[in-house]
Amino acid sequence: MPGVTAATVYDVLHDADYRRKWDPNVIETHDIARITDNADVGYYSWKCPKPLKNRDVVTLRSWYVLDKSYVIVNFSVKHPKYPPRKDLVRAVSLWAGYVVQPTGNSSCSLTYLAQVDPKGSLPKWVVNKSSQYLAPKMLKKMHKACLKYPTWKQEHSTHLKPWLHPEQNQLPTIALSELTLQHASSLENIDESGLREVQEERGDTSGSEN
């Protein structure tokens, strides 16, 4: 990512308030509870290409700063207050993570790996669209968001970064014993393999990126 430091990308990946500004696919995202200084439980729901049903996940996330590299990993869990919703399909993150590494004074590389069960049989056009169009478009939007983040952050709780300063974290705590691993087999499997793509109207529906 040219023109962006690894530290900025790490902040953008963590900042849920900013995520709502730049992520065109987000429906709802927020942190639920803290487990340790570098681990929490969070909720994220997102828009899928029409006419597929939208998805959501509840994940346990942990993060580390190793030398100059930044690492974030997550996997799905069950939270007693966040059962599957009727209006969304509960997907399962078997394992997902980011690694951000500096490549210069103001550039970095971002590696993203994910093994996610969308809980459904998806049409081939969804797979093709995700790999050939949606993923590159999302990366481009994220790069733009990272470039704008320092200015945005100056106007929005400048020094509040609980992922770097755990003493700032005001989330309620939750014990690991209250969470259980979310197994894909325990969730309903949705067959959407026969759905045809709906051509959406032209125009940017992602909202303001300022």
Side-chain angles (χ1 to χ4, degrees), residues 1-26 28-46 57-77 91-116 130-131 134-171 173-174 176 179 181 206 209-210:
M1 282 190 172
V4 179
T5 66
T8 295
V9 175
Y10 184 65
D11 288 346
V12 170
L13 290 171
H14 272 287
D15 199 322
D17 290 334
Y18 191 55
R19 184 73 177 258
R20 300 184 194 101
K21 295 288 292 183
W22 69 267
D23 186 348
N25 298 315
V26 67
E28 181 181 351
T29 180
H30 60 267
D31 301 327
I32 300 171
R34 175 179 54 177
I35 300 172
T36 65
D37 285 349
N38 69 317
D40 63 16
V41 181
Y43 176 84
Y44 179 71
S45 57
W46 69 94
V57 288
V58 175
T59 60
L60 188 158
R61 176 183 62 170
S62 61
W63 55 92
Y64 312 87
V65 180
L66 305 173
D67 193 13
K68 294 183 179 180
S69 298
Y70 301 85
V71 180
I72 304 173
V73 296
N74 76 65
F75 57 87
S76 283
V77 293
V92 178
S93 172
L94 302 172
W95 187 92
Y98 299 91
V99 178
V100 189
Q101 297 174 301
T103 56
N105 292 331
S106 60
S107 63
C108 66
S109 65
L110 171 64
T111 303
Y112 175 60
L113 298 173
Q115 186 178 6
V116 178
S130 297
S131 61
L134 296 179
K137 183 179 179 181
M138 189 65 177
L139 183 60
K140 185 177 180 180
K141 282 187 173 291
M142 183 178 178
H143 183 218
K144 288 183 178 180
C146 289
L147 290 170
K148 295 180 179 181
Y149 182 73
T151 300
W152 180 89
K153 190 60 176 173
Q154 285 295 322
E155 301 174 357
H156 299 82
S157 303
T158 306
H159 302 293
L160 183 62
K161 295 182 179 182
W163 52 92
L164 294 177
H165 310 292
E167 69 277 5
Q168 297 177 345
N169 198 323
Q170 300 299 311
L171 290 173
T173 57
I174 188 171
L176 273 176
L179 305 171
L181 188 64
S206 61
E209 294 182 19
N210 296 324

Taking the side chain as every heavy atom from C-beta outward, state whether D11 and Y70 have any pair of such atoms under 4.5 Å apart.
no
Parallel, tilted or perpendicular: which describes the rings of W46 and Y44, with under 30° parallel and over 60° perpendicular?
parallel
Quick one: does W22's side chain have a donor or acceptor within less than 3.5 Å of a partner on M142's backbone?
no
Side chain of R20, backbone of T29: donor and acceptor closer than 3.5 Å?
yes
Nearest-0.5 Å distance, CH2 of residue W163 to CG of residue D31
9.0 Å
Say whether, by atom type as modelled, one donor and one acceptor occur between the side chain of S45 and the main chain of E28 under 3.5 angstrom.
yes
Side chain H143, main chain P2, donor-acceptor under 3.5 Å:
yes
If I take atom CG from residue L113 and atom CH2 from residue W95, how far apart are they, to the nearest 0.5 angstrom?
5.5 Å
Drop me the distance from M1's CE to L139's CG, to the nearest 0.5 angstrom.
4.5 Å
Working to the nearest 0.5 Å, report the span between CD1 of I35 and CG of D40.
7.0 Å
Is the backbone N or O of L160 less than 3.5 Å from a side-chain atom of S157, with the two atoms forming a donor-acceptor pair by type?
no
Using 4.0 Å as the upper bound for N to carboxylate O, is an ion pair formed by D23 and K141?
no
Is it true that T36 and N38 share a donor-acceptor pair across their side chains at a distance under 3.5 Å?
yes
Hey, is the main chain of S93 close enough, under 3.5 Å, to the side chain of S76 for a donor-acceptor pair?
yes
D15 and salt bridge (charged side-chain N to carboxylate O under 4.0 Å, His left out): which single residue from K21, K161, K153 fits?
K153
How close do I32 and L171 get, counting heavy atoms only, and between which atoms?
O-CD2, 4.1 Å
